[in-house]
Amino acid sequence: MNALQNLFHNKKQNQLSLFFTAGYPTIDSTAGIIEACQKAGIDFLEVGMPYSDPLADGPVIQQSSTRAIVNGMTIELLFNQLEALKGKTTIPLLLMGYLNPVIQFGAERFMEKASATGASGLILPDLPIHEYREEYQTLFEKYNLSPVFLITPHTSDERIKLIDELSNAFIYVVSSAATTGKKQDFGQAQLVYFQRLKSMNLKNPLIGGFGIHNRQTLQQAWQNLNGAICGSAFLKKLAATPDAEKAVEELKKDLGLKMD
Amino acid sequence: MNALQNLFHNKKQNQLSLFFTAGYPTIDSTAGIIEACQKAGIDFLEVGMPYSDPLADGPVIQQSSTRAIVNGMTIELLFNQLEALKGKTTIPLLLMGYLNPVIQFGAERFMEKASATGASGLILPDLPIHEYREEYQTLFEKYNLSPVFLITPHTSDERIKLIDELSNAFIYVVSSAATTGKKQDFGQAQLVYFQRLKSMNLKNPLIGGFGIHNRQTLQQAWQNLNGAICGSAFLKKLAATPDAEKAVEELKKDLGLKMD
Amino acid sequence: MTVKFDTNPTEVKRNQNIPDERGYYGGFGGAYIPEMLYPNVEELRNNYLQVIESADFRKEFELLLRDYVGRPTPLYYAGNLSETYGAKIYLKREDLCHTGAHKLNSVVGQALIARHLNKPRIIAETGAGQHGVASATVCALMKIPCTVFMGSKDIVRQQANVLRMKMLGAEVIAVESGSKTLKDATNEAIRHWINHPDDTYYLIGSTIGPHPYPDLVARLQSVISEEIQSQLMKQEGKDYPDYVLACAGGGSNAAGAFFHFIGNGKTRLIGTEAAGEGVDSGLTAATIYSGTPGIIHGCKTLLMQTSDGQVMEAHSVSAGLDYPGIGPMHAHLHTTGLAQYLPVTDTEALDAAQMLSREEGIIPALETAHAVAALSKLQFKPDDVVVICLSGRGDKDLQTYQQYFQEI
Amino acid sequence: MTVKFDTNPTEVKRNQNIPDERGYYGGFGGAYIPEMLYPNVEELRNNYLQVIESADFRKEFELLLRDYVGRPTPLYYAGNLSETYGAKIYLKREDLCHTGAHKLNSVVGQALIARHLNKPRIIAETGAGQHGVASATVCALMKIPCTVFMGSKDIVRQQANVLRMKMLGAEVIAVESGSKTLKDATNEAIRHWINHPDDTYYLIGSTIGPHPYPDLVARLQSVISEEIQSQLMKQEGKDYPDYVLACAGGGSNAAGAFFHFIGNGKTRLIGTEAAGEGVDSGLTAATIYSGTPGIIHGCKTLLMQTSDGQVMEAHSVSAGLDYPGIGPMHAHLHTTGLAQYLPVTDTEALDAAQMLSREEGIIPALETAHAVAALSKLQFKPDDVVVICLSGRGDKDLQTYQQYFQEI
Ligand SMILES: Cc1ncc(COP(=O)(O)O)c(C=O)c1O
Ligand SMILES: Cc1ncc(COP(=O)(O)O)c(C=O)c1O
């Protein structure tokens, strides 16, 4: 069991995860952000590997990625940063990014390093499932990494079941058919979708993401799923203040987790 | 015999004719120019009826026409001016212009007026010969007007003979295939052309025009033909001085007919 | 304004599409040219029929029309227009010709004639620039030096075509005289021809000028109606339309689109002319509506002139229709009632261009838009087969369209 | 630089022009897309072959190709080029297609598919604007609302096409992200699609994107080589050329022009890619020359990327080739030696555009000029039949040409 699986083993509800882009706002922000999140009681983290062409992302994550690349962030450097942090934090980490940089780094080399520097899993949204099964699954297993797949309101039951089958940590429940960073409260459509998922009795926990930005959206995710991931809203806070601790506190306020 | 025919009956050589645009440089220039020319010993005159689209004319005559039209010159007005001058001058006059204004005026009405106000002939460069013969010849004869046709170095012998046949005053020998106002001395091409004409033994006198602007061109025309017509060069003088007499004198100087 | 046809000519006249020996269509046509042009025009007159009817010419002409110009151009059934206007509306796609207009048909033919007559240089006048581009194009192809006369006002409003002509290696001469548009570009071309009679072929862009030009150009453009005939036969089972609509500046695309249907007693031929800001506004190019018989550029036709016989300046937003005369064939067809001519204002044309773009995905030339605009002036029966001669595409007019649609 | 062919593949491979079931051409292709796109792409993948092979589709498609697009486009024997380059050079005249480029072939087909899939909206990306204009055109015709994504840099350099799209009623969205050219226009189109999955058909402009797009577009464009086959049969008595030359941005015109000749063991297929200021200048779009395998816009192919796997910005004077990737079919044809790809610099392309204008009277699109430029890089035998895919006309590029030719 990796750290992430361990977490889900122990905590079934009200998970809160944050996403941030490595190398943003500055090249050496990574450690500070991870430490701040752990201190603030965040359950686990997604460390975004910046990519030049993040298809599934809205403007906030796009801009953070562009900036991070300009800042000089690379996968190599990220691993060095995580390596340096090893032993200092316990918060489970997932690496999230697009497939191409991973391939260029070398898939096995990447997994080996990811595992060695403490990551529990990978989210590669554009990795096709058939390719995962045929080429990647054994590597994930070899390096004890959890694969995390996305599902959306348009994903068929059959496909959700397949994904549930392949997953061993959690399923990433994209809240609506949209790129990241949409600022709308959840409505009837999400409720129907969450109910459908609930009724499927999946083996993996369900973590909602895309559009978690305030109390309403967080609570909806917590009430219907097992937890929530917040990305763009967190990046905006990080853009506004260089102090990662302050950024996390501000975010928690927005999410209704802390009173003024 | 009209005045023009009379002139040619009496004078076989070294004719000098000038062309000017009625209404140029000012609306009431006509009388003064005619009087000045007569006084300066010019043999006969072409009075240009200004036209908006003078196809065969170079920039000098084009501009004089545009100006004359802006000044308000019309065929009606020109006839009034000639009418007022009647009896005061004896220099033979030809009216020269494009066919369209004549048609709009009414062909027969035009000839009647032209004859009544003292013109001896008409030059209508764009009147087709067949149309002249079929529709205009009887009118010309009725009003005792001489038709004057143009020939160029490219006109066939056969056609020249036809034109000679139809003419009864003179033939207008266009010096080269060109629009009016070209400022080049005559060369070998003109000499060959003039020789060819001479050898044809035509019944009508030959008057050279287009490009007569200095001593060389005038003398060439005089030596080889029966006379010369000078247009653009005269208009330029009229543009430079409001005094028609002075303009004629200046022109004669340029033509080598007067010493300083 | 809706037009009624009380004048469907009952007596079917034949051969009204070609002039008599001297170039007259009824009372219009002829060759009113100064002697300086006589030998050139005569040379052409003596040769043109023989050349264009020769097997050699036809073979070369037809091959170039097919592989270079892109003929036959489609006869496209415009479903959306048909629904809107309640008739079977077809578009004859001259806009798909190489260089973007029907002009190339005549240019290819005339350039072959120039070669036959051993003329090593070609000159042309142009208004919208389409004829200039077509001439520059074929001259590049045939390696003939080409000089194009274009009014300086038109150079400004048809900038794209000026760039094309230069890219094709033609010399473009800006005409500053008179109206600085097509009329004076034609004057300057004729003057240039007078000054270069031996080596120069004057490649006229429309059914205008002294005989034999109107006839020559009409015959070369008649490929349009020839194709319409056989295409309609296949697509509608009859070899004539009930209506043909075409814009007329000098009248070459209209002449080509009408040619085989003239006097057939069955097809209503509708020409549209540019009314500019309105037929009675003083800013118009509606020659047939407001013109009288007279002479322009060597032929007798209807033209806009003062009572003194001075040619008036035309006005149209469309450079290719901005001409105070019209081809003598059209003056004749109008006079005899064999065709009808409708005035279309600048605004009506611009709106029609927009309409066609939105309805059928085809941006027409401004000239062509005048033909399209006639649709809303006519009343059709559901079975009527209507062919619009889509004479050219609108790429050259994008600036004008943009300005207009920004303003309204 | 002159290229020699040592790699004429001896073993004739069949069916190298279509991918396997999962969309792979050898090692290239596939569908690397986030889950948000999965249902849409899957829907298309499950339907496209059945739709485009259905009798209904074929009938409608072929009618529109004939009467609306203007097909078949001529295969023009370019006499002057042939003389200059010492071979029998033919130009496949896609420039005569309605809207001025081959793009319309695929757009007509895809719009019919969109209708079949009941998608009431269409989005498209565009670089040179030709695909945007083609999309706006067919959407106007079919009355489908259309949104086109275009990099703000391309909006400036292809102004004419922006005006055309607006005139046709399309919404043009200026993309300010990243390179502000085709790559990021494509990103934004894909993002928009993610946000509007139910009602929107994404009409891709080239043989790029996730499977089945490359195959779909290639099949729709294959009408080009199909026509070449039968035209050559008539004109040369053989149904294949010795060479096909085509430019490749995403690679759709090249895919269409190569399609029926791929792996025939007889035809040398030459793609040209934009080298910008030179393949090693850092300002290039020569993907095959300087790219490595990777993923872009949902497919595995050759692309220009940093060692970290970040996609690089491409550079080409030609907006339509200014793309850091290339269709997976071409990556495969290159890797297997079934086709060769030559880099052509901005300057070489501009000069080729000038050359073609002057030699044949045809002003090509800047993209197309890259294919023409290959002529001087190859050595032909006098009997070689060479077909250049003249993918588009140069009207949209006149400003660029003018600037360049003013400078030199
Ligand atoms: C597209 C188009 N249509 C029509 C015309 C008018 O010419 P014509 O009346 O000779 O057909 C022009 C002239 O430039 C043109 O470009
Ligand atoms: C005329 C023309 N040719 C070629 C291309 C390149 O596209 P592709 O490589 O898909 O043929 C474009 C793209 O805009 C184009 O407009």
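The sequence lines fix the lettering, A, B, ..., with proteins before strands; numbering per chain opens at 1.
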| query | D:L168 versus chain C, heavy atoms under 4.5 Å apart: side chain, backbone, both or neither? | reply | both

| task | List the atom of D:S225, the atom of D:A257, and the distance in Å for their closest heavy-atom pair. | result | CB-O, 3.3 Å

| Checking D:R71 against chain C: side chain, backbone, both or neither under 4.5 Å from a heavy atom? | neither

| field | Engaged part of D:L91 at the chain C interface, taking heavy atoms whose separation is under 4.5 Å | value | neither

| task | Could you look at D:R93 and say if it's the side chain, the backbone, both or neither that has a heavy atom under 4.5 Å from chain C? | result | side chain

| query | Step by step, would you call D:D154 with D:R157 a salt bridge (Lys or Arg N to Asp or Glu O under 4.0 Å)? | reply | CA-CA 5 Å; D:D154 291 339; D:R157 59 180 166 167; 2.9 Å; yes

| note | Whatever's closer than 4.5 Å to a heavy atom in chain C on D:Q235 counts as side chain

| remark: To the nearest 0.5 Å, atom CE of D:M165 lies from atom CE of D:M150 at 4.5 Å

| note | Turns out that what part of D:V133 lies under 4.5 Å from chain C's heavy atoms comes down to neither

| Of all of D:L64, D:D395, D:T99, D:T137, which one pairs up most often with chain C through heavy atoms under 4.5 Å apart? | D:D395

| request: Give a yes or no on whether a salt bridge exists between D:K396 and D:E367, defined as a side-chain N under 4.0 angstrom from a carboxylate O. | output: yes

| query | Does the separation of the ring centres of C:Y68 and C:H98 fall below 6.0 angstrom? | reply | yes

| message | Taking the side chain as everything from C-beta on, heavy atoms only, tell me whether C:T368 gets closer than 4.5 Å to C:D95. | response | no

| request: Would you mind checking which part of D:C97 comes under 4.5 Å of any heavy atom in chain C, side chain (CB onward), backbone (N, CA, C, O), both or neither? | output: backbone

| request: Return the option, out of D:R358, D:E359, D:R164, with the maximum number of heavy-atom pairs under 4.5 Å with chain C. | output: D:R358

| remark: Applying a strict 4.5 Å limit to non-hydrogen atoms, the region of D:A78 in contact with chain C is neither

| query | Where the side chain of C:D397 meets the backbone of C:L366, is there a donor-acceptor pair that is under 3.5 Å apart? | reply | yes

| said: Between C:N161 and chain D, with a heavy-atom cut-off of 4.5 Å, which part of the residue counts as in contact: side chain, backbone, both or neither? | reply: neither

| field | Under 4.5 Å from a heavy atom of chain D, the part of C:V138 involved | value | neither

| task | Could you check which of D:P72, D:S357, D:C139 has the highest count of heavy-atom pairs closer than 4.5 Å to chain C? | result | D:S357

| request: Check each atom of C:L356 against the heavy atoms of chain D and say whether the ones under 4.5 Å are side chain, backbone, both or neither. | output: neither

| task | Please determine if C:R115 and C:E60 form a salt bridge, counting it only when a charged side-chain N lies under 4.0 Å from a carboxylate O. | result | yes

| Can you tell which of C:R66, C:K234, C:K92 makes a salt bridge (Lys or Arg N to Asp or Glu O under 4.0 Å) with C:E227? | C:K92

| request: Give a yes or no on whether C:E83 atom CD has more than 12 heavy-atom contacts from other residues, nucleotides or ligands under 6.0 Å away. | output: no

| Region of D:K143 that comes under 4.5 Å of a non-hydrogen atom in chain C | side chain

